[in-house]
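This report concerns only the one structure given below.
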Amino acid sequence: MNEEVSCLVMTDATLPKPYRILLLDTAGRVLRTKVLSVHEEADAIERTRALMDGRAVELWDGDRLVLRLDPPDTPSA
């Protein structure tokens, strides 16, 4: 008997990558955390900008800070 086996191999490029968005208070403390699973870092950045809502936010890829956005009229730390 001859059986043909098909195997689908998923590479890292096909899996969504987890990012964390931190919503910060005026003192820089974390108010809320949101986890995103996206394929492209640009998508994570776009979604982080959308969640800003007048507060500072940070986007993290593991232990790497990707982006920090401060609301207008707020000095960067």
Side-chain angles (χ1 to χ4, degrees):
M1 183 177 199
N2 187 7
E3 290 184 35
E4 189 173 316
V5 177
S6 177
C7 180
L8 173 64
V9 177
M10 295 184 77
T11 64
D12 287 342
T14 60
L15 296 174
K17 188 173 185 178
Y19 290 86
R20 285 179 299 125
I21 297 175
L22 307 180
L23 180 67
L24 308 174
D25 68 10
T26 55
R29 294 181 298 246
V30 177
L31 292 172
R32 192 171 53 203
T33 302
K34 180 172 179 67
V35 176
L36 300 175
S37 291
V38 296
H39 292 280
E40 301 287 331
E41 190 168 281
D43 294 333
I45 291 170
E46 182 179 326
R47 292 179 67 182
T48 300
R49 289 183 191 283
L51 290 173
M52 196 171 170
D53 194 30
R55 296 193 181 270
V57 291
E58 293 180 347
L59 175 63
W60 289 84
D61 173 11
D63 61 356
R64 178 179 68 98
L65 176 62
V66 175
L67 176 73
R68 179 184 167 100
L69 297 171
D70 291 308
D73 304 321
T74 302
S76 297

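What's counted below: heavy atoms across the whole structure, side chains too, no hydrogens, waters or symmetry copies.
- Cluster partners of Leu31: none. The rule joins Ile, Leu, Val, Met, Phe, Trp and Tyr whenever side-chain heavy atoms lie under 4.5 Å apart, and it links nothing here.
- Within a 6.0 Å radius of CD in Glu46, no more than 12 heavy atoms belonging to other residues, nucleotides or ligands are found.
- For the side-chain contact (heavy atoms from CB on, under 4.5 Å) with Glu58, the qualifying choice from Val66, Leu23, Leu24 is Leu24, the only one to do so.
- Residues Pro71 and Ala56 approach most closely at CD-N, 3.5 Å, considering heavy atoms.
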Inset, instruction - Applying side-chain contact (heavy atoms from CB on, under 4.5 Å), run through Lys34 and Leu36 and close with a yes or a no. - result: CA-CA 7 Å; Lys34 180 172 179 67; Leu36 300 175; 4.0 Å; yes
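- Listed by chain and residue number, Lys17, Arg64 satisfy the side chain to side chain donor-acceptor pair (under 3.5 Å) test with Asp61 (two or more places apart in sequence, or in another chain).
- We find the OG1-CG distance between Thr26 and Asp70 to be 11.5 Å, quoted to the nearest 0.5 Å.
- With a 4.5 Å cut-off on side-chain heavy atoms, Arg47 and Tyr19 do not count as touching.
- Judged purely by atom type and a 3.5 angstrom limit, Arg20 uses its side chain to pair as donor or acceptor with the backbone of Gly62.
- With rounding to the nearest 0.5 angstrom, the CG atom of Leu51 is 11.5 Å from the CG atom of Leu22.
- Here the CH2-CG distance, from Trp60 to Leu67, works out to 11.5 Å after rounding to the nearest 0.5 Å.
- To the nearest 0.5 Å, the span separating CE on Met52 from OG1 on Thr48 amounts to 10.5 Å.
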